[in-house]
Amino acid sequence: MEKNVLFRLAEPTDVSALVKVGDRLFDNPVKPDRASEFLNDPRHHLVIALLNDEVVGMASGFHYIHPDKDPVLFIDEVGVVEEFQNRGIGRQLVKEICKHGESLGCQEAWVATDHTNTAARKAYVAAGGVEDRDSFLVIDFRL
């Protein structure tokens with residue numbers, strides 16, 4: 001594990017740091033208004049990894065409820081800036097967001113990835129996840 005990396009929940013005051021790291025970490029440049037909306041929504045969660053006050057990793061997710069089920073945490077994305085990959089940061093981010101989900105009363109967390117994404121699969125299993133051998137089909141709706 002990379003030494004001196006701090007893991008914590010992102011706060012609304014972290015928007016500028018997220019914009020700064022931008023698409024080195026996220027899929028696209030960070031939109032300040034969307035980042036602020038996300039960080040101010042109590043059902044959306046972002047754990048960040050900081051090294052010398054610079055964001056080097058993140059795990060995002062949200063928890064949801066249903067009339068007949070306990071809360072569940074969906075882990076939407078996990079990413080680590082390229083030069084910090086393969087140092088255990090992704091694994092720890094997954095552990096941290098799961099721990100946060102547990103504090104919210106979530107009984108379960110889940111994440112989906114491609115079968116070919118070996119780096120993500122390795123991190124998820126190392127963080128305590130168990131691969132479901134049943135495949136499922138994703139159906140997209142363009143809205």
Side-chain angles (χ1 to χ4, degrees), residues 1-2 5-51 53-143:
M1 167 58 82
E2 181 76 25
V5 176
L6 170 69
F7 297 89
R8 67 168 174 79
L9 280 175
E11 301 170 351
T13 56
D14 292 316
V15 169
S16 61
L18 298 177
V19 169
K20 182 178 178 183
V21 71
D23 60 5
R24 289 179 47 232
L25 178 60
F26 293 89
D27 294 335
N28 301 295
V30 174
K31 299 176 181 179
D33 58 334
R34 292 293 183 216
S36 181
E37 180 180 3
F38 184 98
L39 295 173
N40 282 293
D41 186 321
R43 292 205 186 234
H44 285 87
H45 316 286
L46 183 70
V47 174
I48 53 177
L50 296 156
L51 181 62
D53 296 323
E54 297 287 325
V55 177
V56 297
M58 65 84 186
S60 68
F62 59 89
H63 73 282
Y64 58 95
I65 57 172
H66 198 267
D68 65 334
K69 296 174 181 70
D70 289 327
V72 174
L73 176 69
F74 171 64
I75 302 170
D76 186 35
E77 292 186 25
V78 178
V80 177
V81 171
E82 187 173 0
E83 58 265 32
F84 294 97
Q85 292 176 0
N86 296 309
R87 300 183 190 187
I89 294 171
R91 172 185 28 186
Q92 191 62 36
L93 284 162
V94 173
K95 287 180 178 182
E96 295 293 329
I97 200 163
C98 285
K99 187 175 6 173
H100 180 63
E102 187 176 16
S103 77
L104 297 168
C106 295
Q107 304 287 313
E108 179 180 6
W110 69 280
V111 63
T113 193
D114 295 323
H115 287 281
T116 59
N117 192 343
T118 55
R121 291 173 65 189
K122 179 181 169 186
Y124 298 146
V125 170
V130 177
E131 287 192 1
D132 183 346
R133 295 296 177 188
D134 294 332
S135 62
F136 64 93
L137 179 64
V138 175
I139 299 170
D140 292 324
F141 295 89
R142 299 304 272 168
L143 305 177

Please name all residues satisfying salt bridge (Lys or Arg N to Asp or Glu O under 4.0 Å) with K31, sequence neighbours left out, ordered by chain then number.
-> none
Looking only at heavy atoms, what is the nearest atom pair of A10 and L39, with distance?
-> CB-CD2, 3.7 Å
How would you list, by chain and number, every residue that makes a salt bridge (Lys or Arg N to Asp or Glu O under 4.0 Å) with E131, sequence neighbours excluded?
-> R121, R133
If you measure from CD1 on I48 to OG on S60, what distance do you get to the nearest 0.5 Å?
-> 12.5 Å
What is the distance from atom NE2 of H63 to atom CG of D70, rounded to the nearest 0.5 Å?
-> 12.0 Å
Could you tell me whether the side chain of V111 reaches within less than 4.5 Å of the side chain of V94, counting heavy atoms only?
-> no
Do L46 and L18 touch side chain to side chain, with heavy atoms closer than 4.5 Å?
-> yes
Report the distance from atom CD of E83 to atom CG of L51, rounding to the nearest 0.5 Å.
-> 10.0 Å
Straight-line distance of D14 CG to L9 CG, nearest 0.5 Å = 10.0 Å
So which pairs with a foot in residues 85-113 pass ring pair (Phe, Tyr, Trp, His ring centres under 6.0 Å), sequence neighbours left out?
-> H45-H100, F74-W110
Using the side chain to side chain contact (heavy atoms under 4.5 Å, CB included) rule, take R87 and V5 through it: C-alpha gap first, then chi angles, then the decisive distance, then the call.
-> CA-CA 11 Å; R87 300 183 190 187; V5 176; over 6 Å; no
Residues L93 and G79: closest non-hydrogen pair is CD1-O, 3.8 Å
Expected output: side-chain E108 to main-chain V72 donor-acceptor under 3.5 Å | no
Please say whether more than 12 non-hydrogen atoms of neighbouring residues, nucleotides or ligands are located less than 6.0 Å from CD in E11.
-> yes
Determine, stepwise, if the pair V81 / V21 fulfils side chain to side chain contact (heavy atoms under 4.5 Å, CB included).
-> CA-CA 9 Å; V81 171; V21 71; 3.8 Å; yes
Least distance between heavy atoms, F7 atom then A49 atom | CE2-CB, 3.6 Å
CZ-CD distance between R24 and E54, expressed to the nearest 0.5 angstrom | 7.5 Å
Charged N to carboxylate O below 4.0 Å: is that the case for E96 and K99?
-> yes
Nearest heavy atoms of G90 and V80, plus distance in Å = N-CG2, 3.7 Å
Nearest heavy-atom pair of A59 and V78: which atoms, and what distance?
-> CB-CG2, 4.0 Å
Residues forming a side-chain contact (heavy atoms from CB on, under 4.5 Å) with D23, sequence neighbours excluded | P29
Any side-chain heavy atom of V56 sitting closer than 4.5 Å to one from L50?
-> no
Can you tell me how far the CG atom of L25 sits from the NZ atom of K20, to the nearest 0.5 Å?
-> 13.5 Å
Check: residues 112-119 side-chain donor-acceptor pairs under 3.5 Å, at least two apart:
residue: T113; atom: OG1; partner: N117; partner atom: ND2; Å: 3.3
residue: N117; atom: OD1; partner: A120; partner atom: N; Å: 3.2

Test side chain to side chain contact (heavy atoms under 4.5 Å, CB included) applied to I139 and F141, step by step | CA-CA 7 Å; I139 299 170; F141 295 89; 4.2 Å; yes
List for me each residue that meets side-chain hydrogen bond (donor to acceptor under 3.5 Å, both in side chains) alongside N40, sequence neighbours excluded, and say none if there are none.
-> S36
Can you tell if the side chain of N28 reaches within under 4.5 Å of the side chain of F26, non-hydrogen atoms only?
-> no
E82 CD: over 12 foreign heavy atoms closer than 6.0 Å = no
Enclosure of R8 CZ (heavy-atom neighbours >12, cutoff 6.0 Å) = yes
